[in-house]
Chemist: 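Here's a structure for you.
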There are 2 protein chains.
Amino acid sequence: MTEDGKVHLTLRDVSEASGVSEMTVSRVLRNKGDVSARTREKVLAAARSLGYVPNKIAGALASNRVNLVGVIIPSLSNMVFPEVLTGISRVLDETVLQPVFGATHYAPETEEKVIYEMLSWRPSGLIVAGLEHNDAARAMMRNAAIPVVEIMDVDGAAIDANVGISHHRAGRDMAREITRRGYRRIAFLGSNMPDDHRARKRLEGFEQGLSEAGLALAATEFYSGGSSLRKGREMATAALAREPDLDFLYFSNDLIGAGGLLHCLEAGIDVPNRVGLAGFNGVDLLDGLPMHLTTMDACRMEIGVKAAEIVAGRALDGRTDLPARIELDPKLIRGETLRPAPDRA
Amino acid sequence: MTEDGKVHLTLRDVSEASGVSEMTVSRVLRNKGDVSARTREKVLAAARSLGYVPNKIAGALASNRVNLVGVIIPSLSNMVFPEVLTGISRVLDETVLQPVFGATHYAPETEEKVIYEMLSWRPSGLIVAGLEHNDAARAMMRNAAIPVVEIMDVDGAAIDANVGISHHRAGRDMAREITRRGYRRIAFLGSNMPDDHRARKRLEGFEQGLSEAGLALAATEFYSGGSSLRKGREMATAALAREPDLDFLYFSNDLIGAGGLLHCLEAGIDVPNRVGLAGFNGVDLLDGLPMHLTTMDACRMEIGVKAAEIVAGRALDGRTDLPARIELDPKLIRGETLRPAPDRA
DNA sequence: GCCGCTATTGTTTGCGCTAACAAAAGCATT
DNA sequence: AATGCTTTTGTTAGCGCAAACAATAGCGGC
């Protein structure tokens with residue numbers, strides 16, 4: 001079947017092969033407008049036998065509509081984002097829109113470039129992780145005249161719409177849970193990436209929560225590069241060596257938290273009584289460790305769903321009634337690395 | 001600065017603002033052809049102050065060149081693929097090409113749709129995971145007249161170029177290592193997805209390797225859904241309950257393997273003497289477990305790099321001297337869950 | 001068979017840009 | 001100042017498709 005020879009098949013080829021006008025072919029292939037069943041069959045048969053694939057570049061230019069949604073996140077290898085992407089896909093799959101992904105690697109200049117590239121394809125919407133962008137990026141998104149949803153974080157001013165959790169609050173709430181349970185010598189262990197604003201905000205909120213209880217961080221430990229169990233182990237080891245009387249380790253994510261937990265268990269430390277631990281994210285990949293790590297769910301899937309709903313609703317249905325800001329509730333997952341709370345009246 | 005008002009800025013707007021022709025603006029923004037420094041400055045200033053973002057849709061149509069490379073993989077949330085994507089990005093970042101990702105969720109019809117969508121954007125190349133595709137997908141890729149690289153797997157016939165490892169061989173080699181070390185009651189534990197052809201090939205190779213030693217699988221255990229430590233634990237528990245005299249558990253990936261390992265350690269089983277374990281992939285995220293899991297490196301990063309090099313070399317430099325098939329060597333990572341090999345003459 | 005409709009098909013135009021070619025400007029040499 | 005170059009800028013046409021409008025076919029009622 002599938003003739004070669006021609007390098008680029010166009011509507012004209014299908015039109016000639018089926019004996020109708022290009023416009024009719026176009027209508028058949030897009031299911032747009034009325035076409036008689038007989039003609040439709042003829043056209044589809046011709047298109048199929050030629051192996052014709054429509055040229056969306058030309059279609060987009062002619063119709064001034066591009067059914068793409070740019071999704072810009074720091075990293076594809078961070079376990080945090082796949083779940084957000086799943087939420088986005090789940091919603092967009094029900095529409096004509098398609099997500100296109102770009103990664104910034106936590107670098108503002110890279111983010112600017114990625115946004116520029118995305119916008120140069122004139123997408124129907126943009127979903128961007130975080131509220132921090134450089135001026136150029138911010139200006140481009142403001143001028144783009146498409147729905148822009150900033151996700152993950154709500155601590156700051158959004159350009160357009162915003163869906164996420166307050167990382168500041170997440171940190172503060174965790175601090176309250178920890179202090180309320182009687183832990184007093186508390187360490188923070190996390191990444192030292194200056195552009196991981198959400199981790200920074202959690203730390204700030206955490207410190208605020210501690211200070212409300214009259215406490216300050218007893219130790220901090222930072223690492224660079226990607227997370228892994230090993231990094232968590234090393235940090236826990238180092239922190240406990242330096243400050244042996246620590247009684248709580250708060251990690252900036254679950255993977256390093258799990259590593260820290262493994263270290264403590266191996267070292268024969270009584271968890272959660274002698275030392276408690278907590279992470280962040282609610283990564284269920286890790287469910288299955290000897291002990292459930294205390295963590296806080298970041299509502300990742302739901303963030304993706306809500307963000308996609310806003311983009312789809314606005315871009316496709318022209319809805320203007322959709323919320324511009326959705327703050328979700330990170331929920332504490334108690335696990336077994338946090339002592340039970342004391343009874344209170 | 002950035003004037004609003006106009007919804008769509010075009011070259012003409014920049015041209016009028018800077019007092020030169022559209023063509024000259026186009027040349028400046030693409031760094032193409034000679035433009036005097038003075039004109040260049042004028043144009044760039046105008047473009048910047050207007051907030052102009054070129055329209056790649058129009059550019060691509062006019063030039064018949066689209067600097068995108070479609071990358072089609074089963075899943076973004078499988079820990080296996082981020083590393084491949086990293087390899088691809090690393091190479092393409094040095095070129096004008098940009099990767100665009102699509103996920104098939106291991107469903108051939110979804111794959112067909114994703115390939116169709118990708119091709120309708122007329123990309124410069126395609127990188128597709130696996131060698132198994134339905135007829136329509138295969139025909140489209142054959143007719144696309146662009147470089148198509150099938151990755152991960154080399155056990156089968158490729159459409160165009162092919163980079164990967166032999167999963168059949170990986171399974172067989174692992175069986176040889178295991179039997180050589182004296183394990184005899186061996187179980188396979190993996191996913192039951194009918195369309196995970198690479199896992200299937202590993203199992204087939206594994207069985208062949210066993211039969212060379214006069215053995216057969218003593219047990220199999222399958223799961224559905226995503227991998228997690230918990231799944232691995234459950235499968236190990238179930239397999240050992242059913243066949244208490246098993247002395248080896250071969251898992252189809254590292255995550256479930258790690259779960260199995262945690263179960264064995266907790267149950268007080270002597271690893272690797274009473275029971276040995278192995279996984280597949282070489283996921284270094286998990287480095288940091290109480291014991292290093294034996295596994296086999298799937299060369300994921302290198303697969304991405306080589307595939308991208310082939311696409312870039314062919315699409316950009318018109319090179320025809322690039323290899324059409326690259327088989328990489330999966331390397332055994334011994335870890336500590338496999339007994340030492342007996343000495344041999 | 002003619003009218004007036006609706007269902008179906010066709011024609012023209014232009015989306016915003018770049019390739020190819022055309023023209024003009026700059027500049028040293030004679 | 002005219003010549004022959006190179007460098008810089010402009011003009012024309014068309015990429016493949018879909019919107020808007022135009023035309024034709026089909027069909028029932030009289």
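Residue numbers start from 1 in every chain, and the chains themselves are labelled A, B, ... in the order their sequence lines are given, proteins ahead of strands.
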Chemist: Using the heavy-atom set of chain A and a strict 4.0 Å cut-off, write down the first and last nucleotide of DNA chain C that makes it in, 5' to 3'.
Modeler: C:dT8 to C:dG16

Chemist: Which residues pass the salt bridge (charged side-chain N to carboxylate O under 4.0 Å, His left out) test with B:D321, sequence neighbours left out?
Modeler: B:R319

Chemist: For residues 144-163 of chain B, pull every pair meeting salt bridge (Lys or Arg N to Asp or Glu O under 4.0 Å), keeping only residues two or more places apart or in separate chains.
Modeler: B:D153-B:K201, B:D160-B:R314

Chemist: Under 3.5 Å, is there a donor on one side chain and an acceptor on the other for B:S21 and B:T24?
Modeler: yes

Chemist: Identify, with sequence neighbours excluded, every residue that meets side-chain hydrogen bond (donor to acceptor under 3.5 Å, both in side chains) alongside B:D317.
Modeler: none

Chemist: Test of understanding: with side-chain hydrogen bond (donor to acceptor under 3.5 Å, both in side chains), list the residues that count as partners of A:R198, not counting sequence neighbours.
Modeler: none

Chemist: With sequence neighbours excluded, what pairs up with A:D34 under the side-chain hydrogen bond (donor to acceptor under 3.5 Å, both in side chains) test?
Modeler: none

Chemist: Less than 4.0 angstrom from a charged side-chain N to a carboxylate O is my criterion; do B:E302 and B:R300 meet it?
Modeler: no

Chemist: Side chains of residues 114-121 of chain B: which donor-acceptor partners sit under 3.5 Å, not counting sequence neighbours?
Modeler:
{"residue": "B:E117", "atom": "OE1", "partner": "A:K56", "partner atom": "NZ", "Å": "2.3"}
{"residue": "B:E117", "atom": "OE1", "partner": "A:Q98", "partner atom": "NE2", "Å": "3.0"}
{"residue": "B:S120", "atom": "OG", "partner": "B:E117", "partner atom": "O", "Å": "2.7"}

Chemist: What do the steps show when you test A:N64 against B:H8 for side chain to side chain donor-acceptor pair (under 3.5 Å), and what is the final call?
Modeler: CA-CA 10 Å; A:N64 197 28; B:H8 296 306; 3.3 Å; yes

Chemist: Could you run down nucleotides 15-28 of chain D 5' to 3' and tag each one B, S or - for protein heavy-atom contact under 4.0 Å?
Modeler: BBBBB---------

Chemist: Through what angle, rounded to 10 degrees, does the axis of the helix from C:dG1-D:dC30 to C:dT30-D:dA1 turn between its ends, using five pairs per end?
Modeler: 40°

Chemist: Tell me, which of residues 33-47 of chain A have any heavy atom that sits under 4.0 Å from an atom in DNA chain D?
Modeler: none

Chemist: Identify, with sequence neighbours excluded, every residue that meets side-chain hydrogen bond (donor to acceptor under 3.5 Å, both in side chains) alongside B:T104.
Modeler: none

Chemist: Using side chain to side chain contact (heavy atoms under 4.5 Å, CB included) as the criterion, list what pairs up with A:V91, not counting sequence neighbours.
Modeler: A:V305, A:A308, A:E309

Chemist: Take A:R138 and A:N143 through the test side chain to side chain donor-acceptor pair (under 3.5 Å) and record every step on the way to the result.
Modeler: CA-CA 9 Å; A:R138 209 180 293 276; A:N143 288 333; over 6 Å; no

